[in-house]
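In what follows, a single structure is set out as structure tokens and then discussed.
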Amino acid sequence: MASRTAATATVRAVKRRSLIPTKAALTLTNNAVKQVQTLLSRQPEAIGLRIGVRQRGCNGLSYTLDYANKKEKFDEEVHQDGVKIYIDKKAQLSILGTEMDFQESKLASEFVFNNPNITGTCGCGESFSL
């Protein structure tokens, strides 16, 4: 018995279109770039930083920052001002459109993620929900 086809398809050659530049998944402020450069200068084998998310805290998720020695298979790679940031595959959708900053005060020096996708944060600001 012969198999039935659901539909047929035609292929046409078309004029090549120019690609529309897309916005990076993550942007870094000047302070963040400087701090990433400082951190990477202390770890010569690292090629960049890897950002991920973990389930923890009172609101569900929090960011993790680790040194990256290589690009993993599904990592999103962000290049900005000479630094490389790798976004873990589990964190990619939650980090789209985020700005990474570095802030110093008398009590703390930390990376701050300004994420438009977050629907709630805990009181201390370390965990978030989408």
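Everything numeric in this text was worked out from a predicted model, so none of it was measured. Quick note: residue numbers are just sequence positions, from 1.
The side-chain hydrogen bond (donor to acceptor under 3.5 Å, both in side chains) check on Q80 picks up nothing, with sequence neighbours excluded. Taking K89 as the reference, F74, Q92 meet the side chain to side chain contact (heavy atoms under 4.5 Å, CB included) condition, with sequence neighbours excluded.
Residue pairs that meet the ring pair (Phe, Tyr, Trp, His ring centres under 6.0 Å) test with at least one member in residues 24-56, sequence neighbours left out, do not exist here. Sorted by first and then second residue, the pairs that involve residues 66-76 and meet side-chain hydrogen bond (donor to acceptor under 3.5 Å, both in side chains), not counting sequence neighbours, are R50-D75. Applying the side-chain hydrogen bond (donor to acceptor under 3.5 Å, both in side chains) test to every pair with at least one member in residues 35-49, sequence neighbours left out, gives these pairs: Q43-E45. Applying the ring pair (Phe, Tyr, Trp, His ring centres under 6.0 Å) test to residues at least two apart or on different chains, the pairs with a partner in residues 97-116 are Y63-F113, F102-F111.
Y86 belongs to a hydrophobic cluster whose other members, connected by ILVMFWY side-chain contacts under 4.5 Å either directly or through intermediates, are I47.
The OG atom of S109 lies 11.5 Å from the CG atom of N31; values are rounded to the nearest 0.5 Å. Atoms CD and OG1, on Q103 and T29 in that order, are 8.0 Å from each other to the nearest 0.5 Å. Here CD1 of I85 is found 11.0 Å from OG1 of T27. Values are rounded to the nearest 0.5 Å.
Side-chain heavy atoms closer than 4.5 Å link hydrophobic residues (I, L, V, M, F, W, Y) into clusters, and following such links, possibly through other members, connects I87 to V33.
When all heavy atoms of V78 and L26 are compared, the pair lying nearest together is CG1-O, 3.5 Å.
A 4.5 Å side-chain heavy-atom check between D88 and V53 finds every atom pair outside the cut-off. In this structure, the side chains of D81 and L28 stay at 4.5 Å or more apart for every pair of heavy atoms. At a threshold of 4.5 Å between non-hydrogen side-chain atoms, the residues N114 and T98 do not count as touching.
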